[in-house]
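For reference, the structure is listed below as structure tokens.
Each chain gets a letter, A, B and so on, in the order the sequences are listed, and its residues count up from 1.
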Number of protein chains: 2
Amino acid sequence: MNKRVTIKDIAKALDVSISTVSRALKDSPEISPKTRELIKKTAKDMKYHPNPIAVALKTSKSHTIGVIVPKIVNTFYAGVVEGIEEIADKHGYQVFVSSTNEDYQKEVKHVNAFINSRADGVILSLSRGTTVLDHIQHLQDLEIPTVLFDRTTKNLKIPRVVTDDAKAAYKAVMHLINGGAKNIAMLSGPKHLLIGRNRTRGYQEALEKAGLTFNPDLVIHSDFTIDNAQKATKSLLENEDVDAIFCLNDDLAVGAIYAAKELGLNVPEDVAVVGFYNSKRSHYMNPSISTVDLNPHELGVLAAGLLFEHITSGEVDNEKEIVVPSNLIIRESSKR
Amino acid sequence: MNKRVTIKDIAKALDVSISTVSRALKDSPEISPKTRELIKKTAKDMKYHPNPIAVALKTSKSHTIGVIVPKIVNTFYAGVVEGIEEIADKHGYQVFVSSTNEDYQKEVKHVNAFINSRADGVILSLSRGTTVLDHIQHLQDLEIPTVLFDRTTKNLKIPRVVTDDAKAAYKAVMHLINGGAKNIAMLSGPKHLLIGRNRTRGYQEALEKAGLTFNPDLVIHSDFTIDNAQKATKSLLENEDVDAIFCLNDDLAVGAIYAAKELGLNVPEDVAVVGFYNSKRSHYMNPSISTVDLNPHELGVLAAGLLFEHITSGEVDNEKEIVVPSNLIIRESSKR
DNA sequence: CTGAAAGCGCTAACAT
DNA sequence: ATGTTAGCGCTTTCAG
């Protein structure tokens with residue numbers, strides 16, 4: 001029952017050699033059309049399915065690519081994965097996804113797992129705690145095509161694809177300004193994260209463009225929990241005169257809204273809030289928050305495209321950085 | 001450069017046979033402690049990493065399990081995957097996830113991919129369009145341990161783990177009743193889905209328990225798009241006297257809320273809405289909707305547990321159905 | 001055009 | 001306690 005048919009079986013059935021079968025199955029021109037068709041037909045009849053493990057062992061090509069994300073429950077990453085799968089599918093590759101849960105140890109472990117399982121390529125977004133990059137270096141040393149996305153690093157020469165955070169932030173803040181906001185705070189994340197720095201840049205640029213002065217006191221940092229965002233926003237609102245808050249991400253925006261409510265303020269009438277969301281639904285759920293789309297699916301498509309370019313041509317441009325031409329959509333709903 | 005060290009290399013380096021190395025590496029008691037340690041040490045020094053592909057080819061065990069979900073961007077499924085990974089990790093297994101995007105063709109394809117790649121087990125939730133079950137049958141014929149979860153079927157003898165939809169629905173509706181609702185409608189999905197039938201049962205039971213009469217006209221069906229849910233709800237609210245709506249899932253709830261607003265009704269003051277949500281955030285986003293938690297993580301843990309039981313013991317109970325003891329939490333926020 | 005044979009890296013009888 | 005050998009299923013020279 002569990003016995004699978006192999007090329008050997010079909011060779012025996014047809015009384016030819018296994019190499020003939022092997023060749024016929026892959027359309028080798030060396031085989032006469034007649035026998036080739038015969039072999040293919042019987043292969044189908046016998047329900048032959050090639051054993052990819054044997055092929056992988058022989059060829060050192062597994063036809064799989066590994067994807068490592070910090071958190072698969074985050075719809076942003078899930079969207080990226082969908083984009084990757086779409087492209088991989090076209091190339092006849094399987095995608096294997098693993099999630100580190102923001103754990104550096106796990107990230108290293110998953111990288112090693114993909115190295116061991118002979119993945120033909122790896123697409124990865126760095127976990128929050130990742131500072132040592134030996135495992136990425138390891139991939140490069142082994143000449144395994146690799147592309148970083150979203151949470152990348154400048155400390156390594158490696159292809160990367162990122163969202164245009166500064167420009168997205170710029171647009172979001174400009175949106176608030178156009179709505180009439182004058183004192184715009186920014187609720188940011190942990191200081192060392194690149195994403196925060198990039199979006200802060202966009203925030204600053206928008207202010208400058210509008211002739212508003214940048215006040216460092218209005219940029220507050222929090223970790224990414226809703227509770228702490230709420231606390232941070234509360235003390236901000238108590239101490240500063242603020243009529244709008246630009247939030248680094250959706251959790252922070254939720255925290256900000258709760259803080260505003262806690263203080264008896266209305267959103268968006270008293271305080272406008274802008275956040276970055278990954279799915280339409282977030283907006284539907286609470287239309288008082290305007291949102292900016294980052295187009296994760298497109299990011300995945302581009303990252304996978306880059307990877308397969310490397311895999312198929314064998315050539316890499318380690319300096320390459322693709323900035324996702326995100327079709328940023330500001331979902332208007334606040335009065336500002 | 002790309003050359004990996006094999007047991008052969010270390011055998012040569014130590015001038016022993018490869019089988020000695022193989023045995024030593026897996027702590028075979030047949031090898032003298034002295035040589036065993038020596039071999040292990042040099043293996044480490046030479047940075048030896050076993051090639052799982054060769055092992056898989058030899059042993060027909062890949063130490064991987066495949067997970068197939070309808071939509072990885074859905075946080076419910078992402079949560080389930082997290083739970084599965086947690087358990088698989090403990091067993092030293094890799095988890096490979098693929099998403100069908102609710103496409104039956106893709107589901108079949110992914111199943112075949114896992115069969116081909118010799119996955120040691122498969123955990124899967126049926127896509128919406130799936131009615132033919134040959135591919136699942138195929139897994140069983142090949143004696144590949146399989147467990148179904150969430151969207152399962154009664155048409156096959158196979159272990160399954162499901163959420164207690166009826167009870168969850170019962171609680172949600174009871175919650176509305178306790179809040180004072182008298183005319184409770186149900187916004188359901190496509191008629192053929194089991195999930196709808198189960199939750200409808202809970203809905204009915206709650207009504208009966210409270211001495212309210214069940215009115216079939218108040219159960220409306222929609223597909224799962226927000227837009228159609230909104231339309232369906234609108235015509236419901238226009239034609240029937242309803243003071244609360246129990247929604248089959250979060251998208252439907254969103255549609256319902258929009259319909260209410262469209263008609264100038266307030267939620268929850270005029271119409272209370274209850275939905276099922278997968279993450280806390282949904283609730284945070286719009287506290288006017290009460291929610292019920294389905295605990296996807298626990299579902300994943302249980303499904304994986306069941307699978308590994310089968311994998312390790314080799315025995316299955318195809319009648320087994322685990323109902324996830326979801327810690328159902330009704331997040332109070334509406335006045336009712 | 002087709003076959004024989006070697007070997008990918010590893011495991012597991014079967015020797016010794 | 002260790003070595004020898006025969007594969008797992010497939011690809012790929014090298015010979016006809």
Between [atom2] on [N] and [atom1] on [X], what's the gap in Å once rounded to a whole number?
{"X": "A:Ile10", "N": "D:dC10", "atom1": "CD1", "atom2": "C1'", "result": "13 Å"}
{"X": "B:Leu14", "N": "D:dT2", "atom1": "CG", "atom2": "C1'", "result": "13 Å"}
{"X": "A:Leu25", "N": "D:dT12", "atom1": "CG", "atom2": "C1'", "result": "15 Å"}
{"X": "B:His63", "N": "C:dG9", "atom1": "NE2", "atom2": "P", "result": "20 Å"}
{"X": "B:Ile39", "N": "D:dA1", "atom1": "CD1", "atom2": "P", "result": "13 Å"}
{"X": "A:Leu57", "N": "D:dC8", "atom1": "CG", "atom2": "P", "result": "13 Å"}
{"X": "A:Asp15", "N": "C:dG3", "atom1": "CG", "atom2": "P", "result": "8 Å"}
{"X": "A:Asp27", "N": "D:dT11", "atom1": "CG", "atom2": "C1'", "result": "15 Å"}

For [Y], is there any backbone N or O sitting under 3.5 Å from a side-chain donor or acceptor partner on [X]?
{"X": "B:Ser28", "Y": "B:Lys26", "answer": "no"}
{"X": "A:Glu102", "Y": "A:Pro70", "answer": "no"}
{"X": "A:Thr20", "Y": "A:Ile18", "answer": "no"}

Parallel, tilted or perpendicular, as decided by the 30° and 60° cut-offs, for the rings of B:Tyr93 and B:Phe308: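 Aromatic pair B:Phe308/B:Tyr93 classed perpendicular.
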Short side-chain N/O contact from B:Ser17 to OP1 or OP2 of D:dG3, under 4.0 Å: yes
Selection residues 126-150 of chain B - residue pairs positive for ring-ring contact (aromatic ring centres under 6.0 Å, His included), sequence neighbours left out: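 As it turns out, the ring-ring contact (aromatic ring centres under 6.0 Å, His included) pairs with a partner in residues 126-150 of chain B, which skip direct neighbours, are B:Tyr104-B:His135.
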Pairs where residues 296-314 of chain A contributes a residue and the test side chain to side chain donor-acceptor pair (under 3.5 Å) is met, not counting sequence neighbours: A:Glu86-A:His297
Do any N or O atoms of the protein come closer than 3.5 Å to N or O atoms of nucleotides 10-14 of chain C, and which pairs are they?
residue: C:dC10; atom: OP1; partner: B:Tyr48; partner atom: OH; Å: 2.6
residue: C:dC10; atom: OP1; partner: B:Asn51; partner atom: N; Å: 3.2
residue: C:dC10; atom: OP2; partner: B:Ile7; partner atom: N; Å: 2.7
residue: C:dT11; atom: OP1; partner: B:Lys26; partner atom: NZ; Å: 3.3
residue: C:dT11; atom: OP2; partner: B:Ser22; partner atom: OG; Å: 2.8
residue: C:dT11; atom: O2; partner: B:Lys58; partner atom: NZ; Å: 3.3
residue: C:dA13; atom: N6; partner: B:Arg23; partner atom: NH2; Å: 2.7

Sugar-phosphate only, base, or nothing, as touched by A:Thr35 at under 4.0 Å among non-hydrogen atoms: sugar-phosphate
